[in-house]
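Read through the structure below, which is laid out as structure tokens, and then see the notes.
Per chain, numbering begins at 1; letters A, B, ... match sequence-line order.
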Protein chains: 2
Amino acid sequence: MTDTAQPQFMPRGPYQKTARTRVAILEAALEVFSESGYHSGSIRDVARRAGISNSGLLHHFPDKIALLDAMLERRDEVDAEAMRKFTHDGKSALHALIHLAADNASKPGIVKLYAILSTEATAEDHPAHAHFVSRYARTRHLVEDAFRSLAEDDQLVAGTTPESAAIGTLAMMDGLQVQWLLEPTRIDMPYALASYLSSVTDIDFVAEHSLELSAQLA
Amino acid sequence: MTDTAQPQFMPRGPYQKTARTRVAILEAALEVFSESGYHSGSIRDVARRAGISNSGLLHHFPDKIALLDAMLERRDEVDAEAMRKFTHDGKSALHALIHLAADNASKPGIVKLYAILSTEATAEDHPAHAHFVSRYARTRHLVEDAFRSLAEDDQLVAGTTPESAAIGTLAMMDGLQVQWLLEPTRIDMPYALASYLSSVTDIDFVAEHSLELSAQLA
DNA sequence: GTCTATATGGCGATAGAC
DNA sequence: GTCTATCGCCATATAGAC
């Protein structure tokens with residue numbers, strides 16, 4: 001990894017500008033890859049949006065793949081941080097997923113990035129293929145653990161296993177995002193996810209989530 | 001529309017060869033767009049696989065967008081045919097969806113086509129945007145009707161509406177496809193879908209589907 | 001109906017000046 | 001660290017011969 005992750009340890013000297021430029025490039029890369037995916041998104045477009053020349057960009061990232069890797073790594077730091085906060089018990093972890101869905105509803109760029117890249121990266125020779133395989137495995141384990149702790153309290157409905165519930169939860173989140181991107185006003189992602197979680201557990205996530213919403217208004 | 005849909009009405013004369021060429025082109029287009037999506041898939045690649053030159057292809061389809069439209073139209077004819085067969089009652093319609101999922105598991109090309117195109121077409125200026133918006137609306141209505149007829153027999157679980165169940169079903173199917181494309185051996189699409197349908201209805205689709213499978217072996 | 005040849009332009013990446 | 005200039009490639013699409 002490079003110096004992007006800890007810019008606070010080198011704020012002075014010539015590196016300060018470098019770090020700022022790198023961040024600008026990575027943010028532009030997120031925009032471009034969100035809109036067009038990796039193959040159709042162009043380095044030149046990223047450079048243009050970052051206010052830098054084509055070669056100026058390639059000074060910071062040797063090639064297109066390095067740019068994609070760095071951008072994904074940056075995103076994963078943010079995600080990992082958000083995940084770490086909600087590993088209390090199973091129920092609160094699933095509530096956190098509903099919050100995540102609500103949060104995503106205000107970030108179409110991020111949602112589109114993962115929707116496009118994850119399908120594109122389905123091809124085995126895609127530069128981000130391994131990244132997404134391991135990303136799904138990691139997330140699936142996290143969600144599976146949440147369901148397992150619920151199962152120990154007999155709160156999973158009959159016929160549902162922690163594994164099948166975890167696969168179903170991730171599938172539901174992904175699928176809802178596609179429909180939401182196509183018709184944002186028709187799809188209520190957090191509600192639909194809560195509805196799913198309620199149907200595979202003995203917990204009324206829909207009611208609890210709407211209670212939270214009313215509490216926020218007070 | 002062109003003559004592709006009714007080749008049986010003009011089998012002789014010079015059109016016969018044209019029709020055959022067009023079909024070869026559309027099948028090649030399906031391959032290419034399945035692997036790379038629309039933007040990254042190239043007309044040249046399609047032409048190469050169809051055994052024709054670049055300009056030869058453009059004689060049949062004036063530009064790339066026309067090629068995509070014709071290919072989607074052709075696929076939709078097949079899909080509509082498959083759909084028409086199972087509009088008996090609500091329960092059999094949902095069983096047919098499980099069959100569709102099982103069928104898809106042997107057609108990674110088709111699955112990948114829709115997975116990639118539907119996320120790519122999320123962009124409002126994508127040539128297939130309108131196509132996918134109306135495709136989702138149409139399918140959602142079909143599934144919603146199935147759930148509505150179940151609701152009239154009190155077979156929907158509490159807290160689930162025909163609309164939310166339809167949205168959830170489509171989301172589940174889409175999301176499962178992405179995970180299945182990434183790790184085919186880990187995901188059992190028909191089982192996972194049956195599991196979802198069982199959790200939102202009072203019908204044990206998992207048991208009924210596995211009964212069907214055993215019957216087929218006999 | 002299919003071809004070759006070509007116009008036009010975007011792409012990733014490199015070389016070398018400042 | 002950033003630039004201009006450039007190479008070589010591939011793209012969509014057109015013109016015109018056969």
Kindly list each side-chain donor-acceptor pair under 3.5 angstrom involving residues 111-118 of chain A, sequence neighbours excluded, with atom names and distances?
{"residue": "A/S118", "atom": "OG", "partner": "A/Y114", "partner atom": "O", "Å": "2.6"}
{"residue": "A/S118", "atom": "OG", "partner": "A/A115", "partner atom": "O", "Å": "3.3"}

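- Set against C/dG1, D/dT2, C/dA13, the side chain of A/K64 has C/dA13 as its closest nucleotide.
- Counting to the nearest Å, the C1' atom of D/dG1 and the CD1 atom of A/I25 are 11 Å from each other.
- Nearest heavy atoms, A/F61 versus A/R22: CE2-NH2, 3.6 Å.
- For A/L67 and C/dC11, the CG to P distance is 14 Å, given to the nearest whole Å.
- Considering only side-chain N and O atoms, B/H59 lies nowhere under 4.0 angstrom from the phosphate OP1 or OP2 of C/dT2.
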Taking only N/O atoms, report every protein-nucleotides 3-7 of chain C pair under 3.5 Å with atom names and distance.
{"residue": "C/dC3", "atom": "OP2", "partner": "B/S53", "partner atom": "N", "Å": "2.7"}
{"residue": "C/dC3", "atom": "OP2", "partner": "B/S53", "partner atom": "OG", "Å": "2.8"}
{"residue": "C/dT4", "atom": "O4", "partner": "B/S55", "partner atom": "OG", "Å": "2.6"}
{"residue": "C/dA5", "atom": "N6", "partner": "B/S55", "partner atom": "OG", "Å": "3.4"}

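- An OP1 or OP2 oxygen of C/dT2 is reached within less than 4.0 angstrom by a side-chain nitrogen or oxygen of B/H60.
- Residues A/T119 and B/E120 are not in side-chain contact: their nearest non-hydrogen atoms beyond the backbone lie 4.5 Å or more apart.
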Check the pair B/E27, B/R74 against salt bridge (charged side-chain N to carboxylate O under 4.0 Å, His left out), reporting the backbone distance first and the verdict last.
-> CA-CA 10 Å; B/E27 276 167 4; B/R74 187 176 135 88; 3.2 Å; yes

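- End-to-end axis angle of the helix from C/dG1-D/dC18 to C/dC18-D/dG1, from C1' rotation axes over five pairs per end: 0° (rounded to 10 degrees).
- Straight-line distance from the CG atom of B/L68 to the P atom of D/dA11: 17 Å, rounded to whole Å.
- Using a 4.0 Å heavy-atom cutoff across all strands shown, B/I43 reaches sugar-phosphate atoms only and no base atom.
- For the pair B/R22 CZ and C/dT2 P, the interatomic distance rounds to 12 Å; values are reported in whole Å.
- Contact detail for A/S198 and A/V206: the closest heavy-atom pair is OG-N, 3.4 Å.
- Heavy atoms only, all atoms of each residue included: B/S40 and A/S40 are closest at OG-OG, 2.9 Å.
- In this structure the side chain of B/M189 never reaches within 4.5 angstrom of the side chain of B/Q179, judged on heavy atoms.
- Between A/H39 and the phosphate of C/dC11, there is no side-chain N or O to OP1/OP2 separation shorter than 4.0 Å.
- The side chain of A/S42 contributes no N or O atom lying less than 4.0 Å from OP1 or OP2 of C/dG10.
- One atom, CZ of A/F33, and another, C1' of C/dC11, lie 13 Å apart when rounded to the nearest Å.
- Around the CZ atom of A/R138, the shell of radius 6.0 Å holds more than 12 heavy atoms that belong to other residues, nucleotides or ligands.
- One can place CZ of A/F61 at 16 Å from C1' of C/dG12, the figure rounded to the nearest angstrom.
- Rounded to whole Å, atom P of C/dG16 lies 17 Å from atom CG of A/L58.
- Contact of the A/W180 side chain with the A/P108 side chain is registered, since non-hydrogen atoms from C-beta on lie closer than 4.5 Å.
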